[in-house]
Amino acid sequence: MAAITLDMYQTLGLAIILLLLGTWIKSKVNVLQKYFIPAPVVGGLLFSLLMLVTHSMELVTFSFDSNLKNFFMVVFFTSVGFLASFSLLKKGGLAVAIFLFAAVVLVIIQNGVGVALAKAFGLNPGIGLAAGSIPLTGGHGTSGAFGPYLEERGVTGATVVAVASATYGLVAGCMIGGPIAKRLMEKFNLKCTDDSKKQTADSEEEKVTESSIFRATCLIGIAMGLGATITPIVKQAGLSLPAYLIPMLIAAIMRNIIDGTSKKTPINEISIIGNVCLSLFLSMALMTMKLWELADLALPLVSILLIQTVVMGLFAYFVTFNLMGRDYDAAVMSTGHCGFGMGATPNAIANMEAFTSVNGFSTKAFFVVPLVGSLFIDFFNAVVIQTFTSIFVG
């Protein structure tokens, strides 16, 4: 069997080509747009399927340089840390805090269900985590980060399971959200009382300049540098952490220190840098997947994901709705929670837009859900995942 080895530059070049290919395919296929399947997932998955064919036919094997993939991963999650502004959380009021609490509880339940079912199937508990909040609440970014982390701890196939579960979650979250909200509205005879025009939680965007991009780059670089210095010290103390966790925590600390001064964090620029790095990271993570490792896990994985879908639906119906006030706004937030609890924030917004376009707008839901889904949940999810990993995987 022939062997092809790609160095750092070749790996980056291929990842960019696949990203562009995925973008083009997504623009032509409506179903990919409907369920917000990321372009790097499309392109990267195609190449991983090609690798599956060549591996099965014993024609060619590929190996890649992972240095840039790991670098882009750390950059992205460091940018997530800068989004964790507790002044914004406070400004959002009690509703934001309650919804964040509900989202964190769901994260814990998803991991608990995943671990329990994995043990029931006689699998490594890490496979349960790879089909828990890592891909569902976390999405493809968290899957690409924690999959290799679990594999380093002996969980074979964790990355493939996590990425496959994340793709499933994008579709499932959109499918169950609308029916749940509709059922709640009919059962409790809910009516929209919001006459305001549509608005989102996005802050006013300022002009992006070379200077502001440079400042954002400096902040991310400093957080990453401090994190890289502290992480080995933490490991020497006996606590094994993913490479991005400490930089992300430091970024959150830096953000909240800056919020206490007259300075302003260049959050738009940090988000741009983070999103670019996420796309490149995902492309690299998907194109290097070993899909043949999924064969023996197919039936248990399908069973776990179907049960996770039921759990999400029940949680949104009985917990999210009741915690958020049992009114029309709560029903809209329930469908939104299905979106990012199984997929991503864009799915949550799509669910809410589809429901409110027919039944009436909800200013509260369109403020609370994106704020929690895009700014806070990834931060708390990473901490919970790490806790479960240390307990059940080691």
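We number each residue from 1, following the sequence as shown. Values below: every heavy atom of this structure, side chains too, minus hydrogens, waters and symmetry copies. Note that the structure is predicted; figures quoted are calculated from it, not measured.
- Using a 4.5 Å heavy-atom cutoff, the side chains of T54 and T61 are not in contact.
- Here the side chain of N189 pairs no donor or acceptor atom with the backbone of M185 at under 3.5 angstrom.
- Checked against the 6.0 Å centroid criterion, the rings of F77 and Y244 qualify as a close aromatic pair.
- Between the OG atom of S79 and the CG atom of L219 there is a distance of 12.0 Å, given to the nearest 0.5 Å.
- To the nearest 0.5 Å, atoms NE2 (H337) and CD1 (I180) are separated by 11.0 Å.
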So T231 and K235, side chain to side chain contact (heavy atoms under 4.5 Å, CB included) or not? Walk me through it. CA-CA 6 Å; T231 298; K235 287 186 177 180; 3.9 Å; yes
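- The side-chain heavy atoms of T288 and S48, taken from C-beta on, include no pair separated by under 4.5 Å.
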Evaluate the criterion side chain to side chain contact (heavy atoms under 4.5 Å, CB included) for residue pair N124 and K119; output intermediate values, then yes/no. CA-CA 7 Å; N124 189 313; K119 288 184 176 181; over 6 Å; no
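- Considering every non-hydrogen atom in both P247 and T78, the closest pair reads CB-OG1, 3.4 Å.
- Annotation: F188, atom CZ; neighbour count of heavy atoms from other residues, nucleotides and ligands within 6.0 Å is above 12.
- Note that the CG atom of L18 and the OG atom of S279 stand 13.0 Å from one another [nearest 0.5 Å].
- When atom types are taken as modelled, the side chain of N347 and the backbone of G343 share no donor-acceptor pair closer than 3.5 angstrom.
- Aromatic ring pairs are classed by plane angle as parallel below 30°, tilted from 30° to 60° and perpendicular above 60°; the pair F86 and F376 is tilted.
- Counting only heavy atoms from C-beta outward, the side chains of L301 and S165 approach each other to under 4.5 Å.
- For the side chain to side chain donor-acceptor pair (under 3.5 Å) test, residues two or more places apart in sequence or in another chain that qualify with D329 are S362.
- Taking every heavy atom of both residues into account, I108 and F388 meet most closely at O-CZ, 3.7 Å.
- In this model, a donor atom of one side chain and an acceptor atom of the other lie less than 3.5 Å apart for T5 and S63.
- Taking CD1 from I272 and SG from C277, the interatomic distance works out to 12.0 Å, rounded to the nearest 0.5 Å.
- Transitive grouping of hydrophobic side chains (ILVMFWY, heavy atoms separated by less than 4.5 Å) brings V310 and V115 into a common cluster.
- Using modelled atom types and a 3.5 Å distance limit, the side chains of T11 and D65 yield no donor-acceptor pair.
- Neither L305 nor L299 shares a network with the other; the hydrophobic side chains, linked directly or stepwise wherever heavy atoms of I, L, V, M, F, W or Y lie under 4.5 Å apart, form separate groups for each.
- Looking at every heavy atom in both residues, L106 comes nearest to G341 through CD2-CA, 4.1 Å.
- Not one N or O on the side chain of S133 forms a donor-acceptor pair closer than 3.5 Å with the backbone of N111.
- Summarising the geometry of A348 relative to V369, their closest heavy-atom pair is CB-CG1, 3.9 Å, with the distance given to 0.1 Å.
- Note on V41: it clusters hydrophobically with V29, by side-chain heavy-atom contacts below 4.5 Å among ILVMFWY residues.
- Residue-environment remark: CH2 (W292) exceeds the threshold of 12 foreign heavy atoms within 6.0 Å.
- Each of T389, I385, V155 was compared with Y149 under the side chain to side chain contact (heavy atoms under 4.5 Å, CB included) criterion, and only T389 meets it.
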Quick one: do I377 and F340 satisfy side chain to side chain contact (heavy atoms under 4.5 Å, CB included)? Show the steps, please. CA-CA 10 Å; I377 193 57; F340 86 77; 4.1 Å; yes
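- Grouping Ile, Leu, Val, Met, Phe, Trp and Tyr residues whose side-chain heavy atoms lie under 4.5 Å apart, directly or via other members, places I257 in a hydrophobic cluster with I253.
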Passes side-chain hydrogen bond (donor to acceptor under 3.5 Å, both in side chains), E151 versus T156? Steps please. CA-CA 5 Å; E151 289 182 354; T156 303; over 6 Å; no
Any chance you could lay out the side chain to side chain contact (heavy atoms under 4.5 Å, CB included) test for C174 and N351, step after step, and finish with the verdict? CA-CA 6 Å; C174 288; N351 277 4; 4.0 Å; yes
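- P38 places a side-chain heavy atom less than 4.5 Å from the side chain of L170.
- Ring pair F281/F71: centre-to-centre distance not below 6.0 Å.
- When all heavy atoms of M289 and V160 are compared, the pair lying nearest together is SD-CA, 4.0 Å.
- In this structure, the side chain of T335 does not engage the main chain of V332 through any donor-acceptor pair within 3.5 Å.
- Side-chain atoms of S212 do not come within 3.5 Å of backbone N or O of V208 as any donor-acceptor pair.
- If you chain together hydrophobic residues whose side chains sit under 4.5 Å apart, M287 and I17 never meet in one group.
- To the nearest 0.5 Å, atoms CD1 (I220) and CD1 (I273) are separated by 4.0 Å.
- S283 places no side-chain N or O within donor-acceptor distance of the main-chain N or O of L280, the cut-off being under 3.5 Å.
- Residues T137 and N381 have side chains that never bring a donor and an acceptor to within less than 3.5 angstrom of each other.
- The cluster map of Ile, Leu, Val, Met, Phe, Trp and Tyr, joined by side-chain heavy atoms under 4.5 Å apart, puts L129 and V383 in different clusters.
- Side chain of T356 to main chain of F361: no donor-acceptor pair is present (N/O by atom type, distance under 3.5 Å, no hydrogens or angles).
- Y168 is listed as a side-chain neighbour of M342, based on a closest heavy-atom distance under 4.5 Å.
- Aromatic pair F62/H55: centroids not less than 6.0 angstrom apart.
- At distances below 3.5 Å, not a single donor-acceptor pair connects side-chain atoms of K191 with backbone N or O atoms of Y328.
- Residues P135 and A166 approach most closely at CB-N, 3.4 Å, considering heavy atoms.
- Grouped by direct or indirect side-chain proximity (heavy atoms under 4.5 Å, Ile/Leu/Val/Met/Phe/Trp/Tyr only), I233 sits alone.
- Of the possible donor and acceptor atoms, none in the side chain of T142 sits under 3.5 Å from a partner among the backbone N and O of G139.
- Taking CZ from R215 and NZ from K263, the interatomic distance works out to 6.5 Å, rounded to the nearest 0.5 Å.
- Between the Q110 side chain and the Q308 main chain, no donor and acceptor come within less than 3.5 Å of each other.
- With contacts defined as side-chain heavy-atom distances shorter than 4.5 Å, the pair K364/F99 does not qualify.
- Side-chain atoms of S85 and S87 include a donor-acceptor pair closer than 3.5 Å.
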